[in-house]
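Inspection log for the structure reproduced underneath, given as C-alpha cells.
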2 protein chains.
Amino acid sequence: MEQAMRFTGCTLSMHQCRCFEKLNPEERDYLDANSVWIKYKKGEMLCKQGSFVSHVIYVEKGLAKVFLDNGVNSLVLRIIPDGNFLGLASVSEEQTTYPYSSMAYVDSDIRQVDINTFRQLIKQNTAFAKEVINILSANSVQIYGRFFCLTYKQAFGRLADILICLADRIFKNNEFDLPLTRKELGELAGMSAETVIRMLKEFNEEGLINMNGKSIEILDYDRLKKISETG
Amino acid sequence: MEQAMRFTGCTLSMHQCRCFEKLNPEERDYLDANSVWIKYKKGEMLCKQGSFVSHVIYVEKGLAKVFLDNGVNSLVLRIIPDGNFLGLASVSEEQTTYPYSSMAYVDSDIRQVDINTFRQLIKQNTAFAKEVINILSANSVQIYGRFFCLTYKQAFGRLADILICLADRIFKNNEFDLPLTRKELGELAGMSAETVIRMLKEFNEEGLINMNGKSIEILDYDRLKKISETG
DNA sequence: TTATAAAGCTGATCCATATCAGTCTTTTTT
DNA sequence: AAAAAAGACTGATATGGATCAGCTTTATAA
C-alpha cells in the first residue's frame with residue numbers, strides 16, 4: 001500500500017504506441033499511400049506552433065522535443081524517441097493549428113500521415129480510435145506528473161528526475177551521450193542553464209554521476225531516485 | 001497575424017461537451033440504465049487519486065476541482081463547472097486507477113456512468129469515440145497553456161489569469177461571489193495564500209478590481225488582461 | 001451565546017534560483 | 001589553420017515569493 005503519490009517530471013510516458021497494429025492490410029495500405037517519409041537534420045523544426053495542421057507526425061527514428069514558446073521562454077512538454085507520435089491533439093477537427101512546436105534534437109526520420117486519412121481511419125476503425133484514446137490518455141497523465149514536478153519540486157529533484165528519465169526511458173542505459181546542450185537540459189528540467197551546470201557539477205562531486213562534457217553516467221541510481229522523490 | 005503565442009493559466013477549456021448528442025435513443029437508454037445520480041456536499045471528494053476507476057464522472061450541476069496531491073502540495077489541474085466530465089483519461093483501459101483527485105467546491109449534482117458501459121459505447125459508436133477524442137484533445141491543449149503559465153509567468157500575471165478565467169468562463173459575469181478560500185485561489189494560481197491576499201489587495205487599491213470579502217468585481221478588464229499577458 | 005476553529009490579513013525574514021558579466025573551451029565556419 | 005560563434009563554466013548580485021509568527025475577523029460547533 002502506497003502512502004503518498006509520487007510524480008515524476010519525466011518527459012515520456014511508458015505507453016507503447018500500438019495503433020498501427022489495429023489496422024487491417026487494406027487500411028495499412030491506405031495509410032501508407034497517404035504518408036510520406038522525410039529526413040530532418042538536427043535542430044530543424046518538425047512543426048511550428050500556430051501553423052495549420054496538415055498531417056500527423058510520427059518519429060520513426062531519432063529524437064525530438066515538443067515544446068511551447070512565447071518568444072521569451074520555452075517549455076518542453078515531452079521528448080519523443082523512436083516509435084512515437086509527436087502528439088495527437090491535432091486529430092481533433094477542432095484543433096486546426098498545432099498547439100505546440102517541435103524540433104529534432106538529432107538527425108531524425110519522420111513519417112507524416114495526411115490528417116484526413118488519419119481521421120478517416122478513426123471514423124471507420126473503432127479499435128484504432130480506441131488506441132488513439134489510449135495514447136491521448138497516457139500523454140495527459142504524463143503531462144500531469146510533469147506539471148506537478150515543475151511546479152513544486154525544487155531544482156535538485158527536477159534535474160534528478162530528468163537524468164533518471166533519460167537513462168531509463170530514452171537511452172535505456174545508465175551511460176549516455178547527451179545530444180542536448182545545458183540550456184536544453186534546463187528547458188527540460190525547468191531551470192536556467194547556469195543552474196543545470198552548477199547542479200550537475202554537484203551531482204558529479206557527490207559521486208551520484210560521472211560527467212565528462214556531454215557524456216554522463218549514473219553511478220548511484222538509488223540516491224538519485226531519492227533526490228528526485230524528496231527534492 | 002499574431003506575433004507571439006499567448007498562453008493563459010485558465011483552468012477550463014472552451015470546449016463544449018457534446019458527446020451525449022452522438023448517441024441514438026437506444027444507446028442513450030443503455031447509458032441511463034447504467035448511470036446513477038448523486039448529490040455531493042461542498043468539500044466532499046468526488047474521486048481519489050490512486051483508487052480504482054469504476055465509473056466516469058460528469059458534473060450535472062455544481063463546481064468541482066480536479067487536482068494532484070502528494071500529501072504536502074496540491075496542484076489544481078482544472079475546475080469543472082456544469083456540463084463537463086471531470087476528465088476522461090480513465091476511459092483508457094490502461095488507466096485502472098484515477099490519476100487525480102476531485103473535490104466539490106459547492107454542493108453538486110454528479111452523474112456516474114459505469115466505466116464499462118462507457119467503454120462499450122466508444123467501441124460501438126465512432127461518432128461518440130470521436131467526441132471523446134475531441135474532449136481529450138481540448139483538455140490537453142488547455143493543460144499545456146496552464147502548465148506554461150504556472151512555469152513562466154510571475155504571480156501577478158497568474159492571478160490576473162485566474163480572475164479573468166473565473167469571470168469569463170466560470171461565472172460568466174464580471175461580478176461574482178467566490179466559493180473558494182484564498183488558499184484555494186492560491187492553488188489555482190500556483191502561489192501561497194498570503195501572496196494571493198497581498199496581490200488581491202494591490203489589485204483592489206489600483207482600481208483593477210473591487211473586492212469585499214468573497215465578492216469580487218472586475219473593474220478594469222483590459223488592464224487586468226494586459227497584466228496577465230505581460231506578467 | 002459562548003467557545004472553538006477556520007479563514008483573512010500583516011509585517012519581518014529568508015532562501016532558492018534567476019540574472020548578469022565575464023572567462024575559458026569547444027565547435028563550426030571561412 | 002585562423003577566425004568566429006556557440007557552448008560551458010564561475011562568481012557576484014538581486015529578487016520574487018515562500019515561510020513564519022502573530023493578530024483579527026468570520027464561520028462553525030457546543
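Convention: sequence-line order gives letters A, B, ...; per-chain numbering from 1.
The existence of a salt bridge linking B:Arg111 and B:Asp32 is confirmed by a sub-4.0 Å separation between a basic side-chain nitrogen and an acidic carboxylate oxygen. Checked for salt-bridge contact, A:Arg182 and A:Glu194 miss the test: no charged N lies under 4.0 Å from a carboxylate O. A salt bridge is defined here as a Lys NZ or Arg NE, NH1 or NH2 lying under 4.0 Å from an Asp or Glu carboxylate O, and B:Asp109 with B:Lys39 meets this definition.
B:Gln154 has its CD atom 18 Å from the P atom of D:dA14, to the nearest Å. What separates CD of A:Glu202 from P of D:dC9 is a distance of 14 Å, to the nearest Å. A straight line from CD of A:Glu205 to P of D:dC9 spans 12 Å, rounded to a whole angstrom.
Under the salt bridge (charged side-chain N to carboxylate O under 4.0 Å, His left out) criterion, A:Glu229 pairs with A:Arg6, sequence neighbours left out.
Taking the side chain as every heavy atom from C-beta outward, A:Tyr58 and A:Ile110 never approach each other to under 4.5 Å. Between B:Leu75 and A:Phe7, the closest side-chain pair of non-hydrogen atoms is not below 4.5 Å. A heavy-atom distance below 4.5 Å is not found between the side chains of A:Ile216 and A:Asn210.
Listed in residue order, the members of residues 173-185 of chain A having a heavy atom less than 4.0 Å from DNA chain D are A:Thr181, A:Arg182. Within residues 189-199 of chain A, the residues that have a heavy atom under 4.0 Å from DNA chain D are, in order of number, A:Glu194, A:Ile197, A:Arg198.
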Could you go through residues 170-181 of chain A and list every donor-acceptor pair under 3.5 Å that involves a side-chain atom there, pairing it with any protein atom two or more places apart or in another chain?
from	atom 1	to	atom 2	distance (Å)
A:Asn173	OD1	A:Glu175	N	3.0
A:Thr181	OG1	A:Lys183	N	3.4
A:Thr181	OG1	A:Glu184	N	3.1

Report all side-chain donor-acceptor pairs from residues 196-207 of chain A shorter than 3.5 Å, counting only partners two or more places apart or in another chain.
from	atom 1	to	atom 2	distance (Å)
A:Asn204	OD1	A:Met211	N	2.9
A:Glu206	OE1	A:Arg223	NH2	3.2

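Along DNA chain D, the nucleotide nearest to B:Lys42 and the one nearest to B:Ala155 differ in position, and the one closer to the 5' end is contacted by B:Ala155.
A distance of 9.5 Å separates CD1 in B:Ile227 from CG in B:Leu159, rounded to the nearest 0.5 Å.
First and last contacts of DNA chain C with chain A, using any nucleotide atom under 4.0 Å from a protein heavy atom and ordered 5' to 3', fall at C:dT17 to C:dC20.
Between A:Lys214 and D:dA8, a side-chain N or O to OP1/OP2 separation shorter than 4.0 Å is present.
The aromatic ring centroids of B:Tyr144 and A:Phe147 lie 6.0 Å or more from each other.
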